[in-house]
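All chains are named by letter (A, B, ...) in the order of the sequence lines, taking the proteins before the strands, and each is independently numbered beginning at 1.
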Amino acid sequence: MTTIKAIRGMNDILPEHTPYWQRLESTVSGLLASYGYGEIRLPIVEHTELFKRSIGEVTDIVEKEMYSFDDRNGESLTLRPEGTAGCVRAAIQQGLLSVPQRMWYAGPMFRYERPQKGRQRQFHQIGVEAFGTATPDIDAELILLTARLWRLLGIDQHVTLELNSIGSSQARADYRAALVTWLSERREQLDEDSQRRLESNPLRILDSKNPDTQALLDNAPNLADFLDEESVADFARVCDLLDACGVSYTINRRLVRGLDYYNKTVFEWVTSELGAQGTVCAGGRYDGLVEQLGGKATPGIGFAMGVERLVLLIEAVGAQAPAPERADVYVVAVGDNAHRTALAAIEALRTALPELRVIQHVGGGSFKSQLKKADKSGAAVALIVGEDEAAAGVAGLKPLRGQGEQTQVALGDLAENVSNIVMQDITAT
RNA sequence: GUGGCCGUAGCUCAUCAGGUAGAGCACCGGAUUGUGACUCCGGAGGUGGCGGGUUCGAGACCCGUCGGCCACCCCA
């Protein structure tokens, strides 16, 4: 019998890690609510066409990374590789664009890539999108929101903000043409990857990791020189607002984004703590996307954070270590009658103290073995019921952590006694 | 898709010039009648990723394959 294993790059997130996820998620949703963003829940599967039209036909994501398959009726569907496309689709379809919208979503994304640190085939993003605002104040708002989030998560000392403007689509196209012309004359000086990108996605050559390529680019046409007036002014305003709020950033004139729909402001939050996949949050403006997907022309801007990467970072820098999950009370009951009596009393206890974490021992066993389990569980106290206690209507309460002796209490007074002892025990340790 | 390293008990790892496997932790039981932790004793658990090959004999050598990690690519 061969055991069935998870699909490569699609990982289980185990109980020892989920507390980090939960804390991240609750921090994010609280913060977003405070900025007036509402959660939208989107399908994981969309028409393949949606991604081709938004992300771009010639991007790596669309060309070789999508999980696509034919539905029973022959339509091509795709597990979403990112969230913006679906969010825009929903905004158009549901008529959400008549007024400015602030929305966020969270969930799994899928890309067929080779797994490595900080990159898997099923990964999770939290995305934030704002529609209907053309002015750069919304750009600044989104960035300020992320900066605040890093502070709340305790990782603000470990991430830096890179900022750029890639201009209007026209400016981008003009620059692209100039860059291609210039680089084509020096084609032999480019590494193999960049030669390929010259055809497929020339702007990506700008953030090549090859030092020789970077040196060559020092003399190449500069994107900043091609920007239209409005992009220049808006970018200056974004910087000005960030300055006013004390958010520091690096202007990286070679920062472009991989997805075709971006224009004007683009940004990335990066860390050096995670190896090669250091981008923890990234986004930008996409003023043409809504129209491109068939909606009324509406400006938009958004970003996405990689949840796995953020969790890795939080764990790596020791920030926000969640308290270990431990029980308050572990119920030891030996004998059928004792178990029956204890269970009824515990149910009443749960009603009286709904927050109390009570583990009822199951599976039988001796007093000794049950007490061992009680100890292992990390519980503050063991609640012990044997045949004698059951007959007398009492239970033993044995502190497992602090000092304190075992006491005997009436089953009817459990709630009061338990809460006292648990509190005592916790403060003692 | 490309490259490097790796794949032995649940976990972390060891062994050996090639002669059919061990430790620590974890788990289970016991050390006077119904009481955890520490200690002691005992136990269970591995067709050594899978498939071929070389050999009298391979976990150890060779090939293939699958999987893992990291990097390239790409991206959150």
Q: Mind calculating the distance between CD1 (A:Ile205) and P (B:C74) to the nearest angstrom?
A: 10 Å

**Q.** Heavy-atom donor-acceptor pair, A:Arg119 side chain to A:Arg309 backbone, under 3.5 Å
**A.** no

Q: Round to the nearest Å and state the distance from A:Gln120 atom CD to B:A71 atom C1'.
A: 16 Å

Q: Take atom P in B:A26 and the same atom in B:C40, then report the distance between them in whole Å.
A: 12 Å

Q. Roughly, in whole Å, what's the span from CZ in A:Arg121 to C1' in B:G1?
A. 11 Å

(Q) Between A:Lys373 and B:A26, is there a contact of a side-chain N or O with OP1 or OP2 at under 4.0 Å? (A) no

Q.
Quick check against the 3.5 Å criterion: does A:Arg196 have a side-chain atom that pairs as donor or acceptor with the backbone of A:Glu192?
A. no

Q. Looking at A:Gln116, does any N or O in its side chain come under 4.0 Å of the phosphate oxygens OP1/OP2 on B:A71?
A. yes

Q.
With a 6.0 Å cut-off (strictly less than), is the heavy-atom count around CD of A:Gln214, excluding the residue itself, greater than 12?
A. yes

Q. With rounding to whole Å, what would you report as the distance between B:A21 and B:G59 at their C1' atoms?
A. 8 Å

Q: For A:Phe367 and B:U32, give me the distance from atom CZ to atom P, rounded to whole Å.
A: 17 Å

Q) Counting only side-chain N and O atoms of A:Lys376, is one of them less than 4.0 Å from OP1 or OP2 of B:A37? A) no

(Q) Can you tell whether the side chains of A:Arg257 and A:Glu268 come within less than 4.0 Å, N to carboxylate O? (A) yes

Q: Tell me whether the OP1 or OP2 atom of B:U35 has a side-chain N or O from A:Lys368 closer than 4.0 Å.
A: no

Q) When you measure from the centre of the six-membered ring of A:Trp182, is the NZ or CZ of A:Arg186 under 6.0 Å away and within 45° of the axis? A) yes

Q: Could you tell me whether A:Gly118 contacts a base, only the sugar-phosphate backbone, or nothing, with contacts defined as non-hydrogen atoms closer than 4.0 Å?
A: base

Q: Look at A:Arg254 together with A:Asp207 and state whether they make a salt bridge at an N to O cut-off of under 4.0 Å.
A: no

Q: Kindly say if A:Lys117 contacts the phosphate of B:C69, meaning a side-chain N or O under 4.0 Å from OP1 or OP2.
A: no

Distances under 3.5 Å only, N/O to N/O: pair up the protein atoms with those of nucleotides 2-8 of chain B.
unit_1: B:U2; atom_1: O4; unit_2: A:Arg114; atom_2: NH1; d: 2.6

Q. Between B:A76, B:C28, B:C74, which nucleotide has the shortest distance from any of its atoms to the side chain of A:Thr279?
A. B:A76

Q. Between B:C11 atom P and A:Glu16 atom CD, what is the distance in whole Å?
A. 13 Å

Q. Out of B:G67, B:G36, B:A76, which has the shortest distance to the side chain of A:Arg257?
A. B:A76

Q) Would you call A:Glu49 and A:Lys52 a salt bridge, using N to O less than 4.0 angstrom? A) no

Q) A:Leu400 has a side chain; which of B:G36, B:A76, B:U35 sits nearest to it? A) B:G36

**Q.** Sugar-phosphate, base or nothing in reach of A:Ala276, heavy atoms under 4.0 Å
**A.** sugar-phosphate

Q) Atom NZ of A:Lys372 to atom P of B:G34: distance rounded to whole Å? A) 15 Å

Q: On RNA chain B, check which nucleotide each of A:Ser208 and A:Val385 is closest to and give me the residue with the more 5' one.
A: A:Val385

Q. Is RNA chain B part of any stem, that is, at least 3 consecutive Watson-Crick or G-U pairs with both distances under 3.5 Å, and where?
A. B:1-7 with B:66-72, B:10-13 with B:22-25, B:27-31 with B:39-43, B:49-53 with B:61-65

Q. What's the CZ-C1' distance between A:Arg401 and B:A37, to the nearest Å?
A. 8 Å

Q) What is the nucleic acid contact for A:Lys398, judged by heavy atoms within less than 4.0 Å: base, sugar-phosphate only, or nothing? A) base

Q.
Taking the C1' atom in each of B:G45 and B:C27, what is the distance between them to the nearest angstrom?
A. 9 Å

**Q.** B:G67 OP1/OP2 closer than 4.0 Å to side-chain N/O of A:Arg8
**A.** yes

Q) Which whole number of Å gives the distance between the P atom of B:U47 and that of B:G42? A) 25 Å

Q. Short question: side chain of A:Glu46, backbone of A:Thr78 - any donor-acceptor pair under 3.5 Å?
A. no

Q) At under 4.0 Å between heavy atoms, what does A:Glu65 touch on the DNA or RNA strands: base, sugar-phosphate, or nothing? A) sugar-phosphate

Q. Is the CZ atom of A:Arg253 crowded by more than 12 outside heavy atoms at less than 6.0 Å?
A. yes

Q.
With a 4.5 Å cut-off on side-chain heavy atoms, are A:Asn164 and A:Leu223 touching?
A. yes

Q | Euclidean distance for C1', B:C62 against B:G24 (whole angstrom) | A | 34 Å

Q | Length of the line joining A:Arg119:CZ and B:C69:P, which is rounded to integer Å | A | 11 Å

Q: Just compare B:U35, B:G67, B:A76 and give me whichever is closest to any side-chain atom of A:Glu389.
A: B:U35

Q) In whole Å, what separates the P atom of B:A14 from that of B:C61? A) 14 Å

Q. Does A:Arg121 have any side-chain hydrogen bond (donor to acceptor under 3.5 Å, both in side chains) partners at least two apart in sequence or in another chain, and if so, which?
A. none

Q.
Tell me whether A:Thr59 contacts the main-chain N or O of A:Leu259 through its side chain, where contact means a donor paired with an acceptor under 3.5 Å.
A. no

**Q.** Closest to side chain of A:Leu371, choosing from B:C73, B:U35, B:G34
**A.** B:U35

